[in-house]
Amino acid sequence: MKLKETINHAIQDAFRKAGIDATPISVTEATKPEFGDYQFNGAMALAKSLKKNPREIAQTVVEHLDLGGIIAKAEIAGPGFVNLWLNPNQVAASCDNALKDPRIGVAQKADPIKVVVDYSGPNMAKQMHVGHLRSTIIGDTLSNLLDFLGDEVIRQNHIGDWGTQFGMLIAYLEEVGEDGNTSLKDLEQFYKDAKARFDADASFADKAREYVVKIQSGDAHCLTLWKKFIDISLGHCEEVYEKLGVNLTREDVRAESFYNDTLAKVITDLDKAGMLQESDGAQCVFLEGDEIPVIVQKSDGGYLYATTDLAALYYRANVLGAKRISYVVDARQSGHFKQVFRVAKEAGFVPEDVKLEHVAFGTMMDKSGKPFKTRDGGTVKLIDLLDEAVVRAKEAITAKDDYTPEALENLARIVGIGAVKYADLAINRESNYIFDWDKMLSFEGNTSLYMQYAYARIQSIFRKYGKEVSGTIVLTDELEHRLAVTLLRFEDILDKAAEDAAPNQITSYLYDLVTLFMRFYERNPILKEGVDEQTRTSRLLLADLTAKTIKQGLAILGIEVVDKL
RNA sequence: GCACUCGUAGCUCAGCUGGAUAGAGCACCCGCCUUCUAAGCGGGCGGUCUCAGGUUCGAAUCCUGACGGGUGUACCA
């Protein structure tokens, strides 16, 4: 439910009844349990403009507050804090309602929009490495989240298939005379070999450059080779997506090459808009206040990254009809996107009401604070990281219990991949972060396994109980109350996370929720002797809603749960 | 040089629409498995929130400056 909004309405009502002519600032979650469930801190802020003592204002608000609704108790503390305790009956009833709802009380947006989420965007010339992890899973999470909230999400995988390096690769592919099935198995090696050849042999380099022109002008033979190359490369990416459990398919691919035929139009349209200017032989757009221009056409006539992005923006806003376009790309490109977004708006490629955002994320660093590389200077292949995660998970699981080989395989996959994804998503996306193999594959503390474990424990209780639960929730102590209120906060968390495109807000929430549940579970017995029927039913229902919330939250993060661990 | 970004516990990180005594995980120390899964729970240790000013009733949070790390800076993507 929209809990915060409900409480804010109650405060607004009190303002109206008290005749205070001001819009109250939003309530916030209480910073400590002693301060209740929520707190209203607006009295201090209003003191100056109303020329009143903040405690007086707080007093007036409290006197006019309806204590029969969502709020049960309000207390003034300190300089004018208003601490609010929620009505346990209402909280319990809202939890009961959430349990009856397949969406566990999270509303579908009343005014859904079309959103394009551009993510992953691997380079077809190279195997995906750990640096591609962030864009792929942050983008996937954002897509899942918006989709769950009711928006129409259009996933776009803007793969790099059109750069100068492709001439080199095609030339090499032809030279080694492969059908593509053997030599391309190790793309990394293939790229290195081609590059070595390119650097060592001038005539090969010339040939490579010829191929670039040929591909881009539509030479049939070259295009065939190129397509084969892309097909195989994409296959490798799909293998990674499959392992990662990422919802990207061929249907979502709109490669750079897709925009090739519209690039010339970008230039003429910019010219028509009077924004084009020649500089050193290149076609540029000079933005007011910017030192460097956006170059859209090279002096040799070739197009650039910015040109393709402008074409893509046009397509997404006008053909796909998106009202929000989110680019999940490394923070290093923020300058580029700032410029491209401005050009697109000023040239009218994108209507004014379309929200363009760069969902930037920090760089992955090594332990000494340098951009991440392996010992030998290369990169860690994403597929290797994922395989290792599954191996380690398998070891951990085997030590714990006996499983059939199939069950073990499946469990190890869910646990291992989940750990990798969670470790990455739990970090504030804007800051750089240190890649730590062991931390990423850890199963202790704030990890996905903690949530999966809690989920499995709850399922175990229900297996043991073996009956349908019917009844209602009655909150009997402080811990249950806090757990229930936390459960009701789910929708607020998702809304905020969607607005900020911040998956770590979801992981933080889940961790808080599960920590509360674990404490509840330790302290409040459910099936044990001496628990009366009413209490047992209520606790079962609370556990059930907790499990459903964990499952839904993890599903948005692209992480699965299991019934038994 | 200019621009952007970050600087919080030994390590890795939350918190940043200003609110009460700054929070986790890891590591370290102590306690809890005859009773719903100990991959767990409870307790302890650990901080001048880089520094200096400013705004404010109130600053880790906002502003200015310094220092330190990272990144970007016209025909790569």
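Here is the naming used below: chain letters follow the sequence lines, and residue numbers restart at 1 for every chain.
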Rounded C1' spacing from B:A22 to B:A14 in Å: 11 Å

Can you list, pair by pair, the side-chain donor-acceptor contacts under 3.5 Å of residues 282-297 of chain A, counting residues two or more places apart and other chains?
{"residue": "A:D290", "atom": "OD2", "partner": "A:Q339", "partner atom": "NE2", "Å": "3.2"}
{"residue": "A:Q297", "atom": "NE2", "partner": "A:G301", "partner atom": "O", "Å": "3.0"}

Partner residues of A:Y453 under the side-chain hydrogen bond (donor to acceptor under 3.5 Å, both in side chains) criterion, sequence neighbours left out: none

Between B:C16 and B:A74 - C1' atom distance, rounded Å: 36 Å

Non-hydrogen side-chain atoms of A:F435 and A:L385 separated by less than 4.5 Å: yes

Dot-bracket summary - RNA chain B, pairs being Watson-Crick or G-U whose distances fall under 3.5 Å, with | when paired to another strand: (((((((..((((.....[...)))).(((((.......))))).....(((((..]....))))))))))))....

Sugar-phosphate, base or nothing in reach of A:I458, heavy atoms under 4.0 Å: nothing

Nearest-Å distance once atom P is located in both B:U17 and B:A38: 39 Å

Contact under 4.0 Å: A:Y305 side-chain N or O vs B:A77 OP1/OP2: no

Spacing of A:Y453 atom OH relative to B:C36 atom P, expressed in whole Å: 11 Å

First of A:S299 and A:N446 reached from the 5' end of RNA chain B, by closest nucleotide: A:N446

Can you name the atoms? Protein N/O to nucleotides 41-45 of chain B N/O, anything below 3.5 Å, with the distance.
{"residue": "B:C41", "atom": "OP1", "partner": "A:Y450", "partner atom": "OH", "Å": "2.4"}
{"residue": "B:C41", "atom": "O4'", "partner": "A:E522", "partner atom": "OE2", "Å": "3.3"}
{"residue": "B:G42", "atom": "OP1", "partner": "A:R519", "partner atom": "NE", "Å": "3.3"}

Residue closer to the 5' end of RNA chain B, A:R457 versus A:G160 (nearest nucleotide): A:R457

Euclidean distance for C1', B:C57 against B:A27 (whole angstrom): 41 Å

Sugar-phosphate, base or nothing in reach of A:N53, heavy atoms under 4.0 Å: nothing

Touch class at under 4.0 angstrom, heavy-atom based, for A:Q333 against every strand present: base

Which nucleotide in B:A39, B:G72, B:C76 has an atom nearest any side-chain atom of A:R332: B:G72

Separation of the C1' atoms in B:U35 and B:G40, to the nearest angstrom: 16 Å

Length of the CD1-P vector between A:I461 and B:U37, whole Å: 7 Å

Which residues share a side chain to side chain contact (heavy atoms under 4.5 Å, CB included) with A:V62, sequence neighbours left out: A:A74, A:I76, A:V82

side-chain N/O A:K338 vs B:C4 OP1/OP2, d < 4.0 Å: no

Span that lies between the C1' atom of B:G15 and that of B:U61, in whole angstrom: 9 Å

Between OG1 on residue A:T515 and CG on residue A:L483, distance to nearest 0.5 Å: 11.0 Å

Any residue meeting side-chain hydrogen bond (donor to acceptor under 3.5 Å, both in side chains) with A:R392, in chain and number order, not counting sequence neighbours: A:E388, A:D438

Atom-to-atom span, NZ of A:K564 to P of B:C36 - whole angstrom: 15 Å

Value in whole Å for how far the P atom of B:A27 lies from CG of A:D438: 11 Å

B:C41 versus B:G68 - spacing of their C1' atoms, nearest Å: 41 Å

Anti versus syn assignment for B:C33, with syn defined as within 90° of 0: syn

Nearest-Å distance for atom pair CG/P, residues A:D563 and B:U37: 13 Å

Shortest side-chain distance from A:K298, nucleotide among B:C36, B:C75, B:A77: B:C75

Partner set under side chain to side chain contact (heavy atoms under 4.5 Å, CB included) for A:E522, not counting sequence neighbours: A:R457

Rounded P spacing from B:G54 to B:G42 in Å: 43 Å

Touch class at under 4.0 angstrom, heavy-atom based, for A:F286 against every strand present: base

Reading 5' to 3' through nucleotides 12-20 of chain B, protein heavy-atom contacts under 4.0 Å coded B for base, S for sugar-phosphate only, - for none: SSSS---BB

Whole-Å gap separating P (B:U34) and NZ (A:K528): 12 Å

Length of the line joining A:R209:CZ and B:C76:P, which is rounded to integer Å: 12 Å

Which pairs of donor and acceptor atoms, one on a side chain in residues 495-507 of chain A, lie under 3.5 Å apart (sequence neighbours left out)?
{"residue": "A:D495", "atom": "OD2", "partner": "A:K2", "partner atom": "NZ", "Å": "2.9"}
{"residue": "A:K496", "atom": "NZ", "partner": "A:D500", "partner atom": "OD2", "Å": "2.6"}
{"residue": "A:D500", "atom": "OD2", "partner": "A:Q505", "partner atom": "NE2", "Å": "3.0"}
{"residue": "A:Q505", "atom": "OE1", "partner": "A:A497", "partner atom": "N", "Å": "3.3"}
{"residue": "A:T507", "atom": "OG1", "partner": "A:N504", "partner atom": "O", "Å": "2.9"}

Touch class at under 4.0 angstrom, heavy-atom based, for A:I526 against every strand present: base

Side chain to side chain contact (heavy atoms under 4.5 Å, CB included) against A:E29, all qualifying residues, sequence neighbours excluded: A:K4, A:Y38, A:R489

Sequence-distant partners of A:E75, side-chain hydrogen bond (donor to acceptor under 3.5 Å, both in side chains), two or more places apart: none

Salt bridge A:E56-A:K52, side-chain N to carboxylate O under 4.0 Å: no

Sugar-phosphate only, base, or nothing, as touched by A:Y511 at under 4.0 Å among non-hydrogen atoms: sugar-phosphate

A:F341: ring-ring contact (aromatic ring centres under 6.0 Å, His included) partners, not counting sequence neighbours: A:Y327, A:F337

Atom-to-atom span, CD1 of A:I292 to P of B:U73 - whole angstrom: 7 Å

Note: A:D118-A:R316 ion pair, threshold 4.0 Å (strictly below): yes

Within 45° cone and under 6.0 Å: A:K467 NZ/CZ vs A:Y465 ring: yes

